[in-house]
Enquirer: 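Pasting a structure here, questions to come.
This chain uses plain numbering: 1 for the first residue, then up along the sequence.
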Amino acid sequence: MVVPVIDFSKLELDGAERAETLEQIANGCEAWGFFQLVNHGIPLELLERVKKVCSDCYRLREAGFKASEPVRTLEALVAAEQRGEEVAPVDDLDWEDIFYIHDGCQWPSDPPAFKETMREYRAELRKLAERVMEAMDENLGLDRGTIKAAFSGDGRREPFFGTKVSHYPPCPRPDLITGLRAHTDAGGVILLFQDDRVGGLEVLKDGQWTDVQPLAGAIVVNTGDQIEVLSNGRYRSAWHRVLPMRDGNRRSIASFYNPANEATISPAAVATSGGAAYPKYMFGDYMDVYVKQKFQAKEPRFEAVKAAAPKSSPAA
């Protein structure tokens, strides 16, 4: 099985090619929860600059990672094993170095080109996310801009757009620790600029873990829990994980187009002809549950936020 690769430029055409592209996006959302976009309109020169500044940034952070809890824990396990003790893999730590950037936080100032490059990149990614959401609107039979409006509380709030910059350094014992534990994403539309040489990202499809194959210049798109709710389960947020690698330093830059915390999320009316399969709630309430249960099954999260809705959500 291969994660779908879609030529996004054909969405601008008329007739059969546009219809085929919309069908490919629908299949990616329904059957996979993941797909890759090529010819997406983001300049390749900009992507090369993003790769450079993020790699340069990690080099400044590398010493800190070597002193981090995952490294110390793995070293302790290996030492115990060498003493003849029985050891078990760690299941509550991830072998990754991460930091987040969004409009309300302080960004790294070194390397000097980081801020300018990432501002330009994030502006392009935000526009791409909104184009993808419009394609989802069309495929779901919704008015254009429906998903964006839901995420913004019908224009009263600003959707959250954040970026997670990750590196997965070489791991000497990938059998004892995970790169990133399996989970679904809490939010809306996630756009990932992943390493084009070092793999490790996998998506769960039909009970089988499948590689999200590295592809130069591509942007990986996956749907989060809120898209699942808005589509009333037609689009499913997919379980995914990152495996640690013995060789290579995997770079991963994920941008999240999420609802505002105050936005009310519920199945869109056109998707509920057979009844709503998900509750109505405020996204901030969902996040309160998600941060405690990120690596657990998602269905209890929906039940928990449904139970909390009468107390904290105006949508009750």
Side-chain angles (χ1 to χ4, degrees), residues 2-3 34 36 47-101 107-108 110-111 113-114 117-118 121 163-183 185 190-204 208-220 222 238-256 294-295:
V2 178
V3 174
F34 267 75
Q36 299 208 54
L47 295 181
E48 288 298 317
R49 283 193 282 130
V50 169
K51 287 162 59 173
K52 183 178 187 309
V53 296
C54 289
S55 295
D56 289 348
C57 199
Y58 172 71
R59 279 192 281 270
L60 298 171
R61 299 169 54 88
E62 188 172 7
F65 177 76
K66 290 179 178 179
S68 68
E69 184 179 1
V71 174
R72 296 196 310 270
T73 299
L74 185 60
E75 289 174 344
L77 286 175
V78 171
E81 187 179 64
Q82 290 171 347
R83 293 192 300 268
E85 300 174 17
E86 185 175 345
V87 299
V90 178
D91 61 4
D92 60 353
L93 284 175
D94 301 312
W95 187 266
E96 64 171 350
D97 175 81
I98 61 172
F99 65 91
Y100 294 89
I101 56 174
W107 295 22
D110 197 6
F114 182 87
T117 299
M118 294 306 291
Y121 171 73
T163 299
K164 173 187 174 186
V165 180
S166 306
H167 277 82
Y168 301 90
C171 180
R173 290 294 302 273
D175 57 316
L176 292 178
I177 196 168
T178 58
L180 177 60
R181 286 164 281 173
H183 64 287
D185 287 326
I190 299 87
L191 301 101
L192 172 68
F193 181 33
Q194 71 164 343
D195 203 295
D196 55 11
R197 296 185 179 182
V198 183
L201 176 62
E202 295 184 332
V203 58
L204 189 62
Q208 178 180 336
W209 286 106
T210 301
D211 290 335
V212 181
Q213 65 274 19
L215 183 62
I219 297 294
V220 180
N222 73 281
W239 285 86
H240 53 286
R241 67 184 184 184
V242 177
L243 300 179
M245 296 291 181
R246 288 187 180 273
D247 302 310
N249 184 2
R250 174 181 168 81
R251 179 192 61 256
S252 172
I253 305 155
S255 295
F256 303 82
K294 175 177 179 178
F295 302 108

Enquirer: Does W209 form a side-chain contact (heavy atoms from CB on, under 4.5 Å) with L243? I'd like the steps, not just the answer.
Expert: CA-CA 11 Å; W209 286 106; L243 300 179; over 6 Å; no

Enquirer: Can you check whether E202's main-chain N or O pairs, donor with acceptor, with R241's side chain at less than 3.5 Å?
Expert: no

Enquirer: How many angstroms lie between OG1 in T210 and CD in Q208, if you round to the nearest 0.5 Å?
Expert: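 It is 4.5 Å, given to the nearest 0.5 Å.
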
Enquirer: How about I177 and C171: do any of their side-chain heavy atoms sit closer than 4.5 Å?
Expert: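 Yes - at least one pair of side-chain heavy atoms lies under 4.5 Å apart.
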
Enquirer: Looking at D196 and R251, what are the two nearest heavy atoms and their distance?
Expert: N-NH2, 4.1 Å

Enquirer: Please examine the side chains of R246 and P174, heavy atoms only from C-beta on, and report whether any two atoms are closer than 4.5 Å.
Expert: yes

Enquirer: Identify the heavy atoms of F193 and A218 that sit nearest to each other, and give their distance.
Expert: CD1-O, 3.8 Å

Enquirer: Within this structure, what is the NZ-CG distance for the pair K164 and L180, rounded to the nearest 0.5 Å?
Expert: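 Between K164 NZ and L180 CG, I get 5.0 Å after rounding to 0.5 Å.
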
Enquirer: If you compare all heavy atoms of P214 against all heavy atoms of R197, which two are closest, and at what distance to 0.1 Å?
Expert: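 The pair with the smallest heavy-atom distance is CB-N, 4.2 Å.
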
Enquirer: Hey, does V203 have a side-chain heavy atom less than 4.5 Å from the side chain of N222?
Expert: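 Result no, sub-4.5 Å side-chain heavy-atom pair not found.
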
Enquirer: Under 3.5 Å, side-chain donor or acceptor atoms of residues 62-78 against the rest of the protein: list the pairs with distances, not counting sequence neighbours.
Expert:
residue: S68; atom: OG; partner: F65; partner atom: O; Å: 2.6
residue: R72; atom: NH1; partner: A67; partner atom: O; Å: 2.6
residue: T73; atom: OG1; partner: E69; partner atom: O; Å: 2.8

Enquirer: Distance from I219 atom CD1 to I253 atom CD1, nearest 0.5 Å?
Expert: 8.5 Å

Enquirer: For H240 and H183, indicate whether the former's side chain and the latter's backbone hold a donor-acceptor pair under 3.5 Å.
Expert: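 Here the side-chain-to-backbone pair exists.
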
Enquirer: At what distance, to the nearest 0.5 angstrom, does OG1 of T163 lie from CG of L192?
Expert: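 Going from OG1 on T163 over to CG on L192, the span is 11.0 Å.
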
Enquirer: Could you note down all residue pairs passing side-chain hydrogen bond (donor to acceptor under 3.5 Å, both in side chains) where residues 168-178 supplies at least one of them, sequence neighbours left out?
Expert: E81-R173, D94-T178, E96-Y168, R173-D175

Enquirer: Do the non-hydrogen side-chain atoms of K294 and R181 ever get within less than 4.5 Å of each other?
Expert: no

Enquirer: Do you know which two heavy atoms are closest between F295 and A182, and how far apart they sit?
Expert: CD2-O, 3.4 Å

Enquirer: Sub-3.5 Å donor-acceptor pair from the side chain of Q36 to the main-chain atoms of V212, do we have one?
Expert: no

Enquirer: Run the side-chain contact (heavy atoms from CB on, under 4.5 Å) check on F34 and L201 step by step: do they pass?
Expert: CA-CA 11 Å; F34 267 75; L201 176 62; 4.3 Å; yes

Enquirer: With a 4.5 Å cut-off on side-chain heavy atoms, are S166 and I98 touching?
Expert: yes

Enquirer: Check whether any side-chain heavy atom of Y58 lies under 4.5 Å from a side-chain heavy atom of P169, and answer yes or no.
Expert: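 Answer yes - side chains close enough.
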
Enquirer: When rounded to the nearest 0.5 angstrom, what distance separates OG1 in T117 from CG in L47?
Expert: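 Rounded to the nearest 0.5 Å, the OG1-CG separation comes out at 11.5 Å.
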
Enquirer: To the nearest 0.5 Å, how far apart are CD1 in I101 and OG in S255?
Expert: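 Separation between the atoms: 7.5 Å.
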
Enquirer: Can you check whether N249 reaches V198 side chain to side chain, under 4.5 Å on heavy atoms?
Expert: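 A side-chain contact under 4.5 Å is absent here.
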
Enquirer: Going by heavy atoms in the side chains, are M118 and C54 under 4.5 Å from each other?
Expert: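 When only atoms from C-beta onward are counted, C54 and M118 do touch, with a gap below 4.5 Å.
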
Enquirer: What are the two closest non-hydrogen atoms of P108 and F99, and how far apart are they?
Expert: CG-CE1, 3.7 Å

